[in-house]
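Report on the structure given below.
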Amino acid sequence: MKIRLVNNGVFTPVEEIEMALTAPAEGFYWIDADVDDLTVLQPLFSMHDLAVEDCLSEEEQRPKIEIYESHYFIVVNSIRFDDEEIFLRALNIFLGRHFIITVTKQKINELRTLKPMLWEQEVSQPDRFMYLLVDLIVDNYFLVGDRIEVRIEKLEEDILMHTKKSHLNEIIGLRSEILWLKKVLGPQKEVINTLNKRDLRLIDDQLQKYFSDIYENAVKISETFETYRDLMGNLREAYQSSIANRANEIMRVFTAITTVFMPLTVITGIYGMNFDNMPELHTRYGYFVVIGIMVALGVSMFCIFRKKDWV
């Protein structure tokens, strides 16, 4: 657990947790904690039992906002895209009048990248801190969306160039991830919309209007993932068409080969009959003549099929 006094974007480490219980003369306290620290923080900051229970739960938490007497409890999902796999990590925020507590189970990159922004904008209020943090989390969805788009384009190119069975697994896996993200974005949009429209005494009225911009971005992201879902459907159709075309090409080649050998089979069948009165069998060059006719016939048919682009 790290405790910092933030004033005009400047961080001052605080050793004693009790100092954060009273409002500082200037600035606010930021407590960056993990779930194990909640046993200490809950009685000191009067955290609601249900909020603490949500933080400790092993189940995936739905984005939400809960209004309590002394603080707000907000859950948003941070997104990461590592090694072609998408991860969502819950960020639990306790917003008070003079403090903000962030509780996470895993490292959240946005908390690290937020620090320079606090210094640049000389942040001294916890609600402003939360606004910048939520804005940064939503913006990262755009970055992940761009990477998903690149992956879709590459997959489409691979399917058109050379279709493999593994492509179907990639399509199904990526489509499942997109549907999963779209499902998560729904409640996250509602949380941001609540921060924008609801009368919240712990958030400055002027600052609250800026949440509308974040909400618009969240709507754009949701629409983008809806487009990606449609693209995955098109990719699946392209894969199936490519497989069908490939099967047709193979069948066409087999049909052409069979057609070439059909007259040759007729010739060999005729001369394979056990009749005595077959003059050709007793000529000196009969064998070579028949073989020559068969070769000429086969080559001629192949050339005709090649000219017609059948093989």
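All residue numbers refer to positions in the sequence shown, counting from 1.
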With the threshold set at 4.0 Å, does a side-chain nitrogen-carboxylate oxygen contact exist between Asp54 and Lys64? yes
Within a 6.0 Å radius of atom CE on Met19, are there more than 12 heavy atoms belonging to other residues, nucleotides or ligands? no
Shortest non-hydrogen contact from Thr104 toward Ala90: CG2-O, 4.2 Å
Counting only N and O atoms by type, is there a donor-acceptor contact under 3.5 Å from the side chain of Tyr228 to the main-chain atoms of Gly145? yes
Is Pro263 close to Met301 at the side-chain level, that is, under 4.5 Å between some pair of heavy atoms? yes
Is it the case that one hydrophobic cluster holds both Leu185 and Val219, taking links as side-chain heavy atoms less than 4.5 Å apart, direct or via other members? yes
Where do Arg229 and Ile178 come nearest, in terms of heavy atoms and distance? N-CG2, 4.0 Å
Gap separating the CZ atom of Phe45 from the CD1 atom of Ile17, nearest 0.5 angstrom: 4.5 Å
Co-members of the apolar cluster containing Trp119 [side chain, <4.5 Å]: Val10
Same cluster or not: are Ile148 and Ile79 linked, directly or through other Ile, Leu, Val, Met, Phe, Trp or Tyr residues, by side-chain heavy atoms under 4.5 angstrom apart? yes
Using modelled atom types only, decide if a donor and an acceptor are shared between the side chain of Asp213 and the backbone of Tyr210 within a distance under 3.5 Å. no
For the pair Leu207 and Arg128, evaluate side chain to side chain contact (heavy atoms under 4.5 Å, CB included) and give the outcome as yes or no after the intermediate values. CA-CA 7 Å; Leu207 177 64; Arg128 181 73 177 179; 3.5 Å; yes
Val75 versus Leu91: any side-chain heavy-atom pair under 4.5 Å? no
With a 3.5 Å distance limit and no angle check, can you tell me whether Asp127 reaches the backbone of Asp204 through a side-chain donor-acceptor pair? yes
pair Ile100-Met130: side-chain heavy atoms closer than 4.5 Å: yes
Could you tell me if Asn140 and Glu110 have a donor-acceptor pair between their side chains, going purely by distance under 3.5 Å? yes
Quick check: closest heavy atoms across Pro43 and Leu38, and the distance to 0.1 Å? CD-O, 4.4 Å
How about Phe28 and His98: are their ring centres within less than 6.0 Å of each other? no
Under 3.5 Å, is there a donor-acceptor pair between the side chain of Ser78 and the main chain of Arg89? no
Tell me if the centroids of the rings in Trp30 and Phe129 come within less than 6.0 Å of each other. yes
Lys182: salt bridge (Lys or Arg N to Asp or Glu O under 4.0 Å) partners, not counting sequence neighbours: Glu226
Are side-chain N/O atoms of Gln208 and Asp199 paired as donor and acceptor at under 3.5 Å? no
Would you name the heavy atoms of Gly27 and Pro24 that are closest together and state the gap between them? O-CG, 3.4 Å
Using the side chain to side chain contact (heavy atoms under 4.5 Å, CB included) rule, take Val134 and Ile137 through it: C-alpha gap first, then chi angles, then the decisive distance, then the call. CA-CA 5 Å; Val134 174; Ile137 288 174; 5.6 Å; no
Note, Phe11 side chain near Lys115 side chain (heavy atom, < 4.5 Å): yes
State whether the number of non-hydrogen atoms from other residues, nucleotides or ligands found under 6.0 Å of Glu16 atom CD is greater than 12. no
Which atom names give the shortest non-hydrogen contact between Gly96 and Pro126, and what distance separates them? O-CG, 3.7 Å
How long is the gap from OG on Ser57 to CG on Leu50, to the nearest 0.5 Å? 12.0 Å
Rounded distance [0.5 Å steps], CG in Leu21 versus OG in Ser46: 9.0 Å
Pair Asp49-Gln42, side chain to side chain donor-acceptor pair (under 3.5 Å): steps then yes or no: CA-CA 8 Å; Asp49 292 339; Gln42 181 179 9; 2.6 Å; yes
Close side-chain approach of Leu95 to Ile203, heavy-atom, < 4.5 Å: yes
State, with a plain yes or no, whether a side-chain heavy atom of Thr102 is found less than 4.5 Å away from one of Asn92. no
Taking the side chain as everything from C-beta on, heavy atoms only, tell me whether Leu132 gets closer than 4.5 Å to Leu136. no
Interatomic distance, CD1@Ile192 vs CD1@Ile214, rounded to 0.5 Å, equals 6.0 Å
Could you pull out the closest heavy-atom pair between Leu200 and Thr194, with the gap in Å? CD1-O, 4.0 Å
Any donor-acceptor N or O pair under 3.5 Å, side chains Gln188, Arg62: no
His48 and ring-ring contact (aromatic ring centres under 6.0 Å, His included): which partner among Phe73, Tyr68, Phe94? Tyr68
For Phe261, does the CZ atom have more than 12 heavy-atom neighbours from other residues, nucleotides or ligands under 6.0 Å away? no
Trace of the side chain to side chain contact (heavy atoms under 4.5 Å, CB included) decision for Ile3 with Glu15: CA-CA 7 Å; Ile3 309 169; Glu15 298 296 332; over 6 Å; no
Residue pair Arg112 / Lys107, side-chain heavy-atom distance below 4.5 Å: no
Apply side chain to side chain contact (heavy atoms under 4.5 Å, CB included) to Arg4 and Thr12, showing your working. CA-CA 5 Å; Arg4 305 178 181 92; Thr12 303; over 6 Å; no
Do Ile74 and Tyr131 sit in the same hydrophobic cluster, where Ile, Leu, Val, Met, Phe, Trp and Tyr count as joined when their side-chain heavy atoms come under 4.5 Å apart? yes
Side chain of Tyr215, backbone of Lys189: donor and acceptor closer than 3.5 Å? no
